[in-house]
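Structure record follows, encoded as structure tokens.
Residue numbers start at 1 and run along the sequence shown. When a ligand or atom number is given, it counts from 1 through the structure's own listing order.
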Amino acid sequence: MGSGDSKWIVLKFGGTSVASAENWKNIARVVEQRKSEGFSVCLVHSALSGISDCLEEIIAHAPKNNTGDLVQRVKERHLELGEALDVPTEELLADDFSELEHIVKGMELIGEASYRVQARLLAMGELMATKLGAAYLNRELGGAEWIDARSCIKTIAPKDANERSLILSAISNTDFDEPLEQKLHKAGDLVVTQGFIGSDAEDKTVVLGRGGSDVSAAYFAAKIGAERLEIWTDVPGLFSANPQNVPSARLLNHLSYEEAQEIATNGAEVLHPRSIMPARKHKIPIHVRCTQRPELSGTVISEEGADDEALVKTIAVRNNVILISMDSLGMWQQVGFLAEAFEVFRQYGLSIDLVSTSESNVTVSLDPGLNTHFHDIRSSFVEDLGAYCRVKVIESVSAVSLLGRRIRTILHQLGGAFEVFEEHKVYLVSQAANDLNFTFVVESEQADRLVRQLHDHVITQSGNQASFGLTWPELMEDKKKEGRDVSLWWREKQQQLIDIVEESGPCYVYDTDTLRTYGNLVKGIEPVDRSLYAIKANANPDVLKTFRELGFGFECVSIGEVNHVIELFPDIDRKDILFTPNFAPRTEYAEALELDVNLTLDNIYPLQQWPELFKGQELFLRIDPGHGHGHHKHVKTGGKHSKFGIPRFEIKEVAELVDELDLSIKGLHAHIGSGIKDPFSWKRTAVILHEVAKELGGVEILDLGGGFGIRENETQAHLDIQEVSNSLQKFKEAHPEYELWVEPGRFLVAVAGVLLASVTQLKGKGKVKYVGVDTGMNSFIRPALYGARHTIVNLTRLNEPNSQSVNIVGPICESGDKLGIDRLFPHSEEGDVVLVANTGAYGQVMSSNYNLRAPAKDIVI
Ligand code: ASP
Ligand code: MG
């Protein structure tokens, strides 16, 4: 407990985070927010970035007496930051500066630095930095108390530990420490202390190893029973691969402790591997977040969430791995061979990572980080080991690991990915017994490319996208580049939307400005002569009026839709309506001809069976281009497994019927599916329709269909409309004889609509948590029908941190009544307004009265 009975939260800020005044503004805001949420804050921070490196350099240079510049640089860095923060730095750090000089002089005099002296010097970085930080926070927020971490983190001496690790890579206990909690509690509700440092049983300064501030923060969290540990760094979380090597790497929204441990151990440098165990032991969630971008929710590590699904989450790489290959000359199955060989490793203090065996060979890998002394002992080690087997040392190879959960159960799905190994020499393959890790050791030059290929096969193309967040460029640049993101219009209308729900109950709300924005995007595709709105996506009269005002025609799929349009716009030019029925009864065709709207046939049957109906008419034909495309098999509308369109092998027959019945085929139409992001798709359709048009003759219009994909949720990219336009422009230049039409539905309306509902009840079944809302699949069936992933937010708590992973469910008596699965959500309460984004299309129109629950109503703003 913190002061009073408020709970502790530990915030750790890394070296880059604390090195600029700009970042300190963000830090102050985060601290202020946590305090306003009722937490007591224990802020642990690192030395300014680069300072620990500089101090290590001083240690290396001290024997040669040339540390003057380095010491000066350390001082200047602090003076500069202090000035930017406007705190009295000379005064604050006077003692530290003279101690720094004192230690360095001592080292120069003696000509070397003992481990003890090294630890004292390294500790200076954190001691100085936190004094500036505490002074700044004290001025900005008041009540910040500086505490010396050496009086808090007492280290322990494990059996067999050598002197170096006891002093320079020390460890501490992870039990709850009541006296420490009391001590911090007395200091107040904002303490500022150091990462990386502690003291041993003799009260002497020790450090926890490079990067150890994360570990300190985890120790503090464990010892004082914190509610949460937040690691604030200069990256937005943990990723599915190193974003510097793989730009399409995706943020990992949520990880279990086991997964995070595996990822941290296997090379991700965001989080120190030793920082996870203390949090895990006390079930303290770890949030990894970005100081420069505090609005991003980062990666949450906890024991919550759906942990039963098999999934590769990360492709990691460790470089400079050393392989020791032992040719056992047939002895490996002899009793005692491995024991004798491994005894040599033990004698030389080498710790083995991976092992693989064959009939006559045993190969092991050494992790470079844990075997830094290998090069000093190499030759005598090889000689000693050579007594038992033929030894080969293979250096500078890389270990590429697939990390995730239940990897064994999905190995068969990795088939495609394994093809990439055809071109790579693999030294060693190892599958970890914990089923979280599958590792290949390969040539170092191959590693980066292999990681990119594996990432592409296993993550980018995997069906499971729910576990992955945005890519680095999307997270860090998108915003800057585009300014306001139109798809997030509802953020700006938060209060208005909340008021609407309070008055009307569950409802769809459509934003007219956003409808216009998307309408204008389509209108802006220059080579397109005519745009129709496919009203099946959303037939709301006000929505239709908006598109009519923008000059859209309408595409209808039932005679009911045709009549709806005519009723709304009695004097519409009937040729502004295109009717495209599929397996409709004969009467609908007759009525359409009567109404004089454009009529599309998508089957040869009506011409063969009802010739008298069509004789002498002008018609459109819907052609099946022979392939389908879309985000789900139910929305692919081309290819032989789709019921739509006239197959190309029937065109000859159609041509004969055209002659016989004296028809004029005015237009050809194709629509291959929905949610298409490939900007060249429409041009391909145009080319195919042009081929068919040549066979038929007399065609004036090519209707290229719709299917324009939107950015469905925060994990996706936008369709490049400009590229669509450019490619069609090329087609148009080659074939100016055609008018080009398009007929989007979803693209025009999806983003402009949101579904709003209120929280009814909460439930926690062990690790699985539910947030119930007052409407579900009766209003919105896409998640159940297509597994569609829509962004869902708690609109009432838009700016509160996501602290849990939940399923958002409706009140319908069906297990499938889930609007969202495994979503990061803030703490929520009954009555909160929940918003499901991008629901303007195929939302209300597909709703039902199932369970006799009235679906959400429509409201246009
Ligand atoms: N300052 C220490 C280092 O750079 C500890 C840390 O920043 O985590 O290694
Ligand atoms: Mg670090």
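Atom numbering of ligand 1 starts at 1 in the shown order; those under 4.0 Å from a heavy atom of Ser213 are 5 (C), 6 (C), 7 (O), 8 (O). Proximity to Arg210 (heavy-atom distance under 4.0 Å) selects the following atoms of ligand 1: 3 (C), 4 (O), 9 (O). Residue Ser52 has at least one heavy-atom neighbour below 4.0 Å for each of these atoms of ligand 1: 1 (N), 2 (C), 3 (C), 4 (O). Short contacts between ligand 1 and Ser46, defined as distances under 4.0 Å to a heavy atom of the residue, involve ligand atoms 6 (C), 7 (O), 8 (O).
Arg280 and Glu258 are joined by a salt bridge, as a carboxylate oxygen and a charged side-chain nitrogen come within less than 4.0 angstrom of each other. Using a 4.0 Å cut-off between charged side-chain N and carboxylate O, Glu262 and Lys313 make no salt bridge. With respect to the salt-bridge test (charged N to carboxylate O, under 4.0 angstrom), the residues Glu37 and Arg34 qualify. Of the charged side-chain nitrogens involved, at least one lies within less than 4.0 Å of a carboxylate oxygen, so that Asp200 and Arg116 count as a salt-bridged pair.
Residue Gly211 has at least one N or O atom closer than 3.5 Å to an N or O atom of ligand 1.
For Glu126, every heavy-atom contact with ligand 1 shorter than 4.0 Å involves the side chain, none the backbone.
Around the CD atom of Glu178, the shell of radius 6.0 Å holds no more than 12 heavy atoms that belong to other residues, nucleotides or ligands. For Lys281, the NZ atom sits in a packed shell: over 12 heavy atoms of surrounding residues, nucleotides or ligands are nearer than 6.0 Å.
Judged by the shortest distance from any of its heavy atoms, Gly212 lies inside the 4.0 Å radius around the atoms of ligand 1.
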